[in-house]
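Data first, discussion second: the structure below is written as structure tokens.
Everything numeric here is computed off the predicted structure, so don't read it as measured data.
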Amino acid sequence: MSTMKFCRECNNILYPKEEKDRRLLLFACRNCEHQEVSESKCVYRNEVAHAAGERTQVLQDVASDPTLPRTKTVRCAACGHGEAVFFQATARGEEGMTLFFVCCNLTCAHRWRE
């Protein structure tokens, strides 16, 4: 699938158009009468690729999120700080929910799970 299609008659952009009677997806020009049947049923596909660093940053930012619950009953094994944010999520490759902790010491941001 190409990203954009252009009219063979006037070189303007072709826009997706549904022909409900025949259940077809067409690409139609808005300037002239040119139409062509789509080769694919997909009009647009958005693929988002995340780098490993982006996912890690999300976990580090949760320490400053005021909407998440905090606890002072745990100690960070990395820096000894006595406050952590916690949340539940599914761990990769495991069934059920896992309790995750993130140290509230912004210079540490150590993560662990229970």
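Atom SG of Cys29 sits about 11.0 Å away from atom NZ of Lys17, to the nearest 0.5 Å. Atoms CG and CD, on Asn31 and Glu9 in that order, are 12.0 Å from each other to the nearest 0.5 Å. Note that NZ of Lys5 and CD1 of Ile13 are 12.0 Å apart. Values are rounded to the nearest 0.5 Å. With rounding to the nearest 0.5 Å, the separation of CZ in Phe87 from CZ in Arg113 is 11.5 Å. Atom SG in Cys32 sits 7.5 Å away from atom CG in Asn12 (nearest 0.5 Å). Note that the CZ atom of Phe27 and the SG atom of Cys7 stand 13.0 Å from one another [nearest 0.5 Å].
Ring-plane geometry between Phe101 and Phe86 is classed as tilted, the angle between the planes lying from 30 to 60 degrees on a 0 to 90 degree scale.
Annotation: side chain of Leu25 is in contact with side chain of Pro16 (closest heavy-atom distance under 4.5 Å). A 4.5 Å side-chain heavy-atom check between His81 and Cys104 finds at least one atom pair inside the cut-off.
More than 12 non-hydrogen atoms from other residues, nucleotides or ligands lie less than 6.0 angstrom from CD of Gln88.
With sequence neighbours excluded, the residues forming a side chain to side chain donor-acceptor pair (under 3.5 Å) with Thr71 are Thr73, listed by chain and number. Residues passing the salt bridge (Lys or Arg N to Asp or Glu O under 4.0 Å) test with Arg23, sequence neighbours excluded: none. In this view, Arg8 and Glu36 satisfy the salt bridge (Lys or Arg N to Asp or Glu O under 4.0 Å) rule, not counting sequence neighbours. Among residues two or more places apart in sequence or in another chain, the salt bridge (Lys or Arg N to Asp or Glu O under 4.0 Å) test is passed with Glu83 by Arg70. Qualifying salt bridge (Lys or Arg N to Asp or Glu O under 4.0 Å) partners for Glu19, counting only residues two or more places apart in sequence or in other chains: Arg22. Scanning for ring pair (Phe, Tyr, Trp, His ring centres under 6.0 Å) contacts around His34 gives an empty result, with sequence neighbours left out.
Counting all heavy atoms, side chain and backbone alike, Cys79 lies closest to Asn105 at SG-ND2, 3.6 Å. When all heavy atoms are compared, the tightest approach of Gly80 to Arg75 is O-NH1, 2.7 Å.
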Please step through side-chain contact (heavy atoms from CB on, under 4.5 Å) for the pair Trp112 and Val74, ending with a clear verdict. CA-CA 11 Å; Trp112 69 96; Val74 295; 3.9 Å; yes
